[in-house]
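Written out below as structure tokens is the structure these notes cover.
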Amino acid sequence: MPSAASQSDPTIRVRIAPSPTGPLHIGTARTALFNYLFARHTGGTFLLRLEDTDVARSTAAFEKDILEGLHWLGITWAEGPGVAGMEEAGPYAPYRQMQRLDSYAAAAQQLLGADRAYRCYCLPEELEAERHAREAAKLTPGYSGRCATLTPGERQAKEAEGRRGAIRFRVRPGIVGWNDMIRDRVEIDTANLGGDFVIVRADGNPLYHFTVVVDDMAMQISHVIRGEDHISNTPKHILLFEGLGYPLPVFGHLPLILNPDGTKMSKRKSQTAVADYIAQGFTREALVNYFAFLGWSPGTEEDVLTLDEIADRFELDKVQKGGARFDRERLEWLNGQWIRRLGDEDLVERLLPFLDASFAAGQIERRPTGDEVRALLPIVRERMPTLAGLTDTVGFLWRDSLAVDAAALVPKRWDAATTLDGLTAAREALAAHDAVTWEADELEPPLRALVETRGWKAGDLFMAVRVAVTGMTATPPLFDVLVALGRERTLDRLDAATALLART
RNA sequence: GCCCCCAUCGUCUAGAGGCCUAGGACGCCGCCCUUUCAAGGCGGAGAUCACCGGUUCGAAUCCGGUUGGGGGUACCA
């Protein structure tokens with residue numbers, strides 16, 4: 001069986017073209033992933049291009065967040081900004097649209113020259129009024145084509161008024177269709193496109209529909225794989241490819257990632273920034289695994305797979321057509337799966353930054369060393385839904401002061417007096433051990449014996465001790481916790497607890 | 001409104017005419033393990049395959065319609 005990318009196919013070229021107008025969005029990451037997987041599986045090339053023509057909203061910080069986020073996920077591109085640590089690399093540079101303005105100007109001239117496009121002198125207010133009028137008349141909204149038939153004389157007059165004019169593309173009547181990789185044949189009547197559309201603003205800046213086509217042409221993109229929200233834009237793009245005299249790429253429209261309520265994923269209803277998931281302690285493996293399975297499945301019963309395994313199995317025709325709701329619980333489960341699969345060294349490395357963050361946030365008062373954390377792994381690994389969860393599980397180890405509640409100290413079946421009695425006796429039994437025999441299997445028998453002679457239930461005594469030394473009712477196994485805490489601190493905390501009980 | 005896309009357990013999905021009295025996973029419930037919490041093991045509830053017609057010896061799978069949901073309707077991307 002041939003493995004993914006065993007042979008390369010220079011004719012397959014796909015891209016992700018993010019716009020740096022916001023932090024890396026889950027939807028962008030997923031689209032990037034599917035393009036990347038398609039390229040890897042077919043032996044094609046995956047590239048990244050920045051669509052930064054929305055100058056007002058684009059920032060360098062967002063650009064950085066997007067490139068770093070994709071790389072963090074393990075998604076790499078062969079051409080574009082940030083390849084192999086370089087500013088930019090690839091045979092079709094530049095890969096930033098604001099640096100490709102000449103190409104758009106040339107393409108616009110070509111269309112103007114061939115009369116496939118024309119200057120439109122309508123003012124925004126005029127267009128606005130027109131839109132309202134059409135709306136009121138219950139007509140399809142769209143441009144009337146007022147400037148489409150202007151005579152040279154009329155154009156000169158407009159220019160003389162100082163009007164710059166936007167450039168509109170002439171939409172030809174008829175049906176535009178394509179064979180979508182995911183949904184087969186799609187056909188749309190150009191009458192529904194809203195009339196001749198603007199490709200270059202009056203200020204000279206090219207618009208998305210135009211730049212995307214010019215660039216995809218220039219960069220020899222063979223397959224355009226993007227979100228379903230672009231289906232209705234596709235006819236415009238096809239028309240432009242035609243107008244520019246270029247063969248069409250193959251289109252494939254992926255199902256959308258939906259909010260839990262089934263609407264298109266949005267910041268208002270969901271957490272959409274990849275950086276937030278990273279900050280909350282999700283692993284790249286889980287995120288990639290989860291994104292891939294939103295709309296795709298290997299067709300087997302496997303559900304925990306690495307990026308390589310996914311690339312191996314990835315087939316675009318196994319992609320679902322309907323949108324998929326984002327299910328955070330499933331993501332958390334997958335994250336747990338991956339945390340359990342990570343190697344010790346690797347896990348420790350990934351945990352350390354989260355401990356730094358907890359320290360900075362004041363949740364812990366001391367930063368543990370890597371060795372300390374590694375020693376804890378056997379008892380915390382399966383108790384962490386996320387990497388950030390370590391502090392929740394064993395934060396008491398790195399905190400000096402415990403806020404223990406006297407009421408919480410008393411186990412359900414016990415009263416305060418019994419608890420005081422139990423803790424005092426436990427303290428005494430534990431104190432009999434020195435630092436050398438302070439091991440889990442040494443500490444447990446004496447407390448079991450104590451329970452036996454007093455006629456208590458082990459669970460009750462253990463719970464009292466647990467709360468006394470950790471302040472919590474749910475912790476890793478008690479005797480492992482005592483060992484991690486050390487003799488000194490265990491005894492001190494027991495003393496503090498008995499003192500607290502005695503006072504009440 | 002108009003155009004387009006979609007439709008299998010609550011959720012993600014398997015399923016490409018007979019293997020389906022519809023399989024897996026998350027979540028949920030129960031049991032086991034057990035000092036708590038997890039993890040793990042076992043079991044369970046959960047889908048008349050949106051609905052109605054048609055094609056066929058036979059349909060979750062093909063066709064049509066209906067309904068529902070979603071997306072798009074910019075001098076945003």
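Reminder, nothing fancy here: chain letters follow the sequence lines and each chain counts from 1.
Considering only side-chain atoms of A:Val198, the nucleotide from B:A77, B:C75, B:U73 that sits closest is B:C75. With distances taken from any side-chain atom of A:Leu207 to the nucleotides B:G71, B:U35, B:C76, the minimum falls on B:C76. Listed candidates were B:A77, B:C26, B:U35. Nearest to the side chain of A:His230 is B:A77.
The partner of B:C42 is B:G30, judged by Watson-Crick or G-U wobble contacts that both fall below 3.5 Å. Here B:A22 sits opposite no nucleotide as a Watson-Crick or G-U wobble pair (both hydrogen-bonding atom distances under 3.5 Å). Nucleotide B:A7 has B:U67 as its partner under the Watson-Crick or G-U criteria, with both atom distances under 3.5 Å. Base pairing of B:C2 is made with B:G72, judged by Watson-Crick or G-U wobble geometry with both donor-acceptor distances under 3.5 Å.
Taking 4.0 Å as the cut-off between side-chain N and carboxylate O, A:Glu159 and A:Arg163 do not count as a salt-bridged pair. We find that A:Glu51 and A:Arg96 are not joined by a salt bridge, their nearest charged nitrogen and carboxylate oxygen being 4.0 Å or further apart. A salt bridge links A:Asp421 with A:Arg454; the closest basic N to acidic carboxylate O contact falls under 4.0 Å. Ion pairing of A:Glu285 with A:Arg341 is absent here, as no side-chain N (NZ or NE/NH1/NH2) approaches a carboxylate O to less than 4.0 Å. Using a cutoff of 4.0 Å between basic side-chain nitrogens and carboxylate oxygens, A:Arg131 and A:Glu128 are scored as salt-bridged.
B:A14 sits 26 Å from B:U55 when the C1' atoms are compared, rounded to a whole Å. A distance of about 39 Å separates the C1' atoms of B:G54 and B:G44, rounded to the whole Å. The gap from the P atom of B:A47 to that of B:G10 amounts to 7 Å, rounded to the nearest Å. Nucleotides B:C52 and B:A59, compared at atom P, are 14 Å apart to the nearest Å. Taking atom C1' on both B:G65 and B:A7, the two are 15 Å apart, rounded to the nearest angstrom.
Phosphate contact (OP1/OP2 of B:G71, side-chain N/O of A:Arg226, threshold under 4.0 Å): absent. Close to B:C12, at under 4.0 Å from its OP1 or OP2, lies no side-chain N or O of A:Ser297. For B:G40, the OP1/OP2 oxygens have a side-chain nitrogen or oxygen of A:Arg340 closer than 4.0 Å. Phosphate contact (OP1/OP2 of B:G27, side-chain N/O of A:Arg330, threshold under 4.0 Å): absent.
Rounded to whole Å, the distance from CZ on A:Arg413 to P on B:U35 is 12 Å. The interatomic distance linking A:Arg328 (CZ) with B:A25 (P) rounds to 23 Å, in whole Å. At whole-Å resolution of the value, CG in A:Asn259 and P in B:C12 are 13 Å apart.
Between A:Val304 and A:Trp338 there is a side-chain heavy-atom pair separated by less than 4.5 Å.
The aromatic rings of A:His209 and A:His237 are tilted relative to each other, their planes meeting at an angle between 30° and 60°.
Shown for residues 374-388 of chain A: residues whose heavy atoms fall under 4.0 angstrom of RNA chain B, namely A:Glu382, A:Arg383.
Nearest-nucleotide positions on RNA chain B place A:Pro477 closer to the 5' end than the other of A:Leu123 and A:Pro477.
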Using atom names, set out every protein N or O paired with an N or O of nucleotides 3-7 of chain B below 3.5 Å, distance rounded to 0.1 Å.
{"residue": "B:C5", "atom": "O2'", "partner": "A:Arg183", "partner atom": "NH1", "Å": "2.6"}
{"residue": "B:C5", "atom": "O2'", "partner": "A:Glu228", "partner atom": "OE2", "Å": "2.9"}

